[in-house]
A.B. asks: 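Okay, here's the structure, questions in a sec.
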Protein chains: 2
Amino acid sequence: MNPRRPVTLDDVARRAGVSRSAASRVINNAPHVSKAKRDAVLRAVQDLGYVPNASARALATNQVGAVVLALSAEDPQVFAGPFFAEVIVGVTSVLEETDLELMVMLATSARGQTRLEQLLRTRQADGVMLMSMHGDDPIARLAEQSDVPVVFGGRPVNFEPRYYVDADNRGGARLATEHLVAIGRRRIATITGRMDEGAGTARYKGYQEALAVEGLDAGRVVHGDFTEDGGGRAMAELLARHPDLDAVFVASDQMAIGALRVLKDAGKSVPGDVAVVGFNDIATARHTAPPLTTISQPIQSLGHEMARMLLTLTSGETPSPLILPTRLVQRASTTSTVTACSA
Amino acid sequence: MNPRRPVTLDDVARRAGVSRSAASRVINNAPHVSKAKRDAVLRAVQDLGYVPNASARALATNQVGAVVLALSAEDPQVFAGPFFAEVIVGVTSVLEETDLELMVMLATSARGQTRLEQLLRTRQADGVMLMSMHGDDPIARLAEQSDVPVVFGGRPVNFEPRYYVDADNRGGARLATEHLVAIGRRRIATITGRMDEGAGTARYKGYQEALAVEGLDAGRVVHGDFTEDGGGRAMAELLARHPDLDAVFVASDQMAIGALRVLKDAGKSVPGDVAVVGFNDIATARHTAPPLTTISQPIQSLGHEMARMLLTLTSGETPSPLILPTRLVQRASTTSTVTACSA
DNA sequence: GCGGAAACTGGGAGCGCTTCCGGTCGAAGA
DNA sequence: TCTTCGACCGGAAGCGCTCCCAGTTTCCGC
């Protein structure tokens, strides 16, 4: 209990009357140590309150003992939403079982980008979970050929990473669009997300597919940018170009909120004149007027599965990419009399 | 560019034709190295793509090169909201300027708690930012007498940490209550937060103070739990016990949303019969019916200032605690005709 | 030119841990 | 009883870096 000098493995060994090697073996519960000595060491660890020095261990084993969750995006505000926090909760839930630490990098400035690059090049972490928000991120390519294990969260556009977990954006969009068809709508428009993001293109594709199956026109399209204001502008444009529309699938709840406002200002009733479906199931979606039917994706699971995948990767196995199911959450923006949830 | 063996300081030194010590001095730009050698080393670093090994450096300097943001709470879902993510953005914005890494610990399970304790005892980080959500957290005391620098985010109840940054919860609550008085309300109730959290007690105190100044009755009180459902229940109870109330200050937007719902179900108009003010200015507050007047606190700044304070602490200086201002955001739940924002 | 301070330089000892490797010892098989 | 083979053990060599220290310049001012 010497307050100044931290207790080292040597101290433990000395007190237990064994060699440092033996003590080390006990700590890492490696074989080849008798029960007697093992107990002695364990007791000494207890008595002294020994905790291994992570840096020293890292140096000796060439393993850092930490993984990083890296978010690469231009705008730091992207992280401010609840999305990111939930991912962390999911990641932590699995890391907690191991003794890996979690480092978080928001690679938004040039400085951050550089650091992320170095990380990838020089193995300063045992693994990386990478969520790359925008399109042609050079980091993505770099990550793919790095020799530190990398799993992607979501897929960048035009790029299929080797290991990733993603939400089923396309399937979700299909679900949303099919729902609109199911409630009798036929002139279904869409406000897409940014087309330089994977989620944007995937959701657009899902919309197209669903309408193709039904033989309906998928031409009522305006591209949005995932923001509330952008959603409003897009809705206005949609209304101008396709005044006959009776439903709109909006690729994010944020945009849907903007759209709802414009719809209201235009004197359209929701869902009477126009039914609206969003995407993401953000907290606010339950409180809009009317409450927003939307597609919910399991964000926490996404974090969870990313971490799990990274772990299997570091253990030398080869995981398969994973696509997490999304589901329709039915609220009043599509059916005034809310009924049971469809799966 | 040898792909297998990572390049070390020795490699750099050898290539630059200097000693390892000299190379080290250049890397850490310490004095006592001639311009010629300095340039040679720098060139070698460039050529070889050298990046110092963090573990080795940590071991040698006895400095980890990382700080941790630790959240101690019972329920992991506490972190899922946008609050936490914003703090991280703030923290990162200052850490980015240094070369400290950020580690995140969600100490929710017993395992996590233990790890946090060890961290505090054995200096596995250069500093910690601690946000302790619930009341009598033993971690808080432990942190205070740890010899690793700790700054608190928010203040636990019954406990004034040496170094902290907190939002002005009391001042905000006073602002909210004064606003209610200013618009002519006299029978002002409150739904408090959890009284085992610092924010809960502080906001309650602010409410009391404001009414005391005006000589109004501060007895219309029901304790809530910061959840939406809890807010609803509390509102119902308030209505039952004090049917004459004409305004309510609700200690969180979540609860206010629940309260709004109950008010509506009870046939009360807002703000006609009852004016409502919330706290936090969550995203949803802009979209409730009616939109919610609330107190906004600068969460990102909170992260920013915590990190800054930690930095000054590690540099050996002694910072003063910091209380960040909150402000009133006026919306339709208190004034049907929305006017300018008060400061 | 000379003394001495000041600026440089590289050797080497660690930081605390893991891990290879050769050695010991007890017991099982002959 | 004598080998043989494990299991067990401790010495020692690092992992890559920093930093002290003693030695070697260099460069003034006289």
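Side-chain atoms are counted along with the backbone in the values below, which use heavy atoms only and exclude waters and symmetry mates. Within every chain, numbering begins at 1; the chains are lettered A, B, ... in the order of the sequence lines, protein sequences first and strands thereafter. What you see is a predicted model; the values in this text were computed from it and never measured.
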A.B. asks: Would you indicate, yes or no, if C/dC8 has its OP1 or OP2 atom less than 4.0 angstrom from a side-chain nitrogen or oxygen of B/Lys35?
C.D. replies: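 Checking C/dC8 against B/Lys35, no side-chain N or O comes under 4.0 Å of OP1 or OP2.
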A.B. asks: Heavy atoms under 4.0 Å, any strand shown: does A/Asn62 hit a base, just sugar-phosphate, or nothing?
C.D. replies: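 Nothing, no heavy atom under 4.0 Å.
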A.B. asks: Is the phosphate of C/dT18, meaning OP1 or OP2, less than 4.0 Å from a side-chain N or O of A/Ser24?
C.D. replies: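 Yes.
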A.B. asks: Taking the side chain of B/Arg20 as heavy atoms from C-beta outward, which of D/dC17, C/dC17, D/dC9 is closest to it?
C.D. replies: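 In terms of side-chain proximity for B/Arg20, the closest of D/dC17, C/dC17, D/dC9 is D/dC17.
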A.B. asks: Taking N and O atoms by type only, does the side chain of A/Ser55 place a donor or acceptor under 3.5 Å from a partner on the base of C/dG16?
C.D. replies: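 Looking at the base of C/dG16, it does not pair with any donor or acceptor on the side chain of A/Ser55 (distance under 3.5 Å).
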A.B. asks: For the pair B/Asp39 and B/Lys35, find out whether any cationic side-chain nitrogen is under 4.0 Å from an anionic carboxylate oxygen.
C.D. replies: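 Judged by the 4.0 Å cut-off on N to carboxylate O distance, B/Asp39 and B/Lys35 do form a salt bridge.
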A.B. asks: In this structure, how many angstroms lie between the P atom of C/dG10 and the CG atom of B/Leu9, rounded?
C.D. replies: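 Spelled out: CG on B/Leu9 to P on C/dG10 is 13 Å.
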A.B. asks: Are OP1 or OP2 of D/dT18 and a side-chain N or O of B/Asn28 less than 4.0 angstrom apart?
C.D. replies: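 For D/dT18, OP1/OP2 do have a side-chain N/O of B/Asn28 under 4.0 Å.
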A.B. asks: State plainly whether the residues A/Arg115 and B/Glu96 are in salt-bridge range, i.e. N to O under 4.0 Å.
C.D. replies: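 Not counted as a salt bridge, because no side-chain N and carboxylate O are separated by less than 4.0 Å.
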A.B. asks: By the 4.0 Å heavy-atom rule, please label A/Pro31 as base, sugar-phosphate, or nothing.
C.D. replies: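 If one applies the 4.0 Å heavy-atom cut-off, A/Pro31 turns out to touch nothing in the nucleic acid.
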A.B. asks: What is the separation between atom CZ on A/Arg25 and atom C1' on D/dG11, rounded to the nearest whole Å?
C.D. replies: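 Atom CZ in A/Arg25 sits about 11 Å away from atom C1' in D/dG11.
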A.B. asks: Please give me the minimum heavy-atom distance between A/Lys37 and A/Gly17, naming the atom from each residue.
C.D. replies: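 Residues A/Lys37 and A/Gly17, closest heavy atoms: NZ-O, 4.4 Å.
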A.B. asks: Between B/Leu59 and B/Ala22, name the one whose nearest nucleotide on DNA chain C is closer to the 5' end.
C.D. replies: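 Residue closer to the 5' terminus by nearest nucleotide: B/Ala22.
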A.B. asks: Would you tell me if any nitrogen or oxygen in the side chain of A/Ser34 comes within less than 4.0 Å of OP1 or OP2 on D/dC9?
C.D. replies: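 True: A/Ser34 side-chain N/O within range (under 4.0 Å) of D/dC9 OP1/OP2.
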A.B. asks: Round to a whole Å and report the spacing from CD of A/Gln63 to P of D/dG16.
C.D. replies: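 In whole Å, D/dG16 P lies 14 Å from A/Gln63 CD.
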A.B. asks: Between B/Ser72 and B/Asp137, is any side-chain donor less than 3.5 angstrom from a side-chain acceptor?
C.D. replies: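 Yes, a side-chain donor-acceptor pair sits under 3.5 Å.
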A.B. asks: Hey, could you give me the CG/CD distance between B/Asp166 and B/Glu305, rounded to the nearest 0.5 Å?
C.D. replies: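 Answer for the CG-CD pair, B/Asp166 versus B/Glu305, is 13.0 Å.
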A.B. asks: Considering just the side-chain nitrogens and oxygens of A/Thr8, establish if one lies under 4.0 Å of OP1 or OP2 belonging to C/dG16.
C.D. replies: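 For C/dG16, OP1/OP2 do not have a side-chain N/O of A/Thr8 under 4.0 Å.
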A.B. asks: Between D/dA12 atom C1' and A/Asp10 atom CG, what is the distance in whole Å?
C.D. replies: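 That distance rounds to 13 Å.
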A.B. asks: Examine C/dG10: is either OP1 or OP2 under 4.0 Å from a nitrogen or oxygen in the side chain of B/Ser21? Give yes or no.
C.D. replies: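 Indeed not, no polar side-chain atom of B/Ser21 lies that close.
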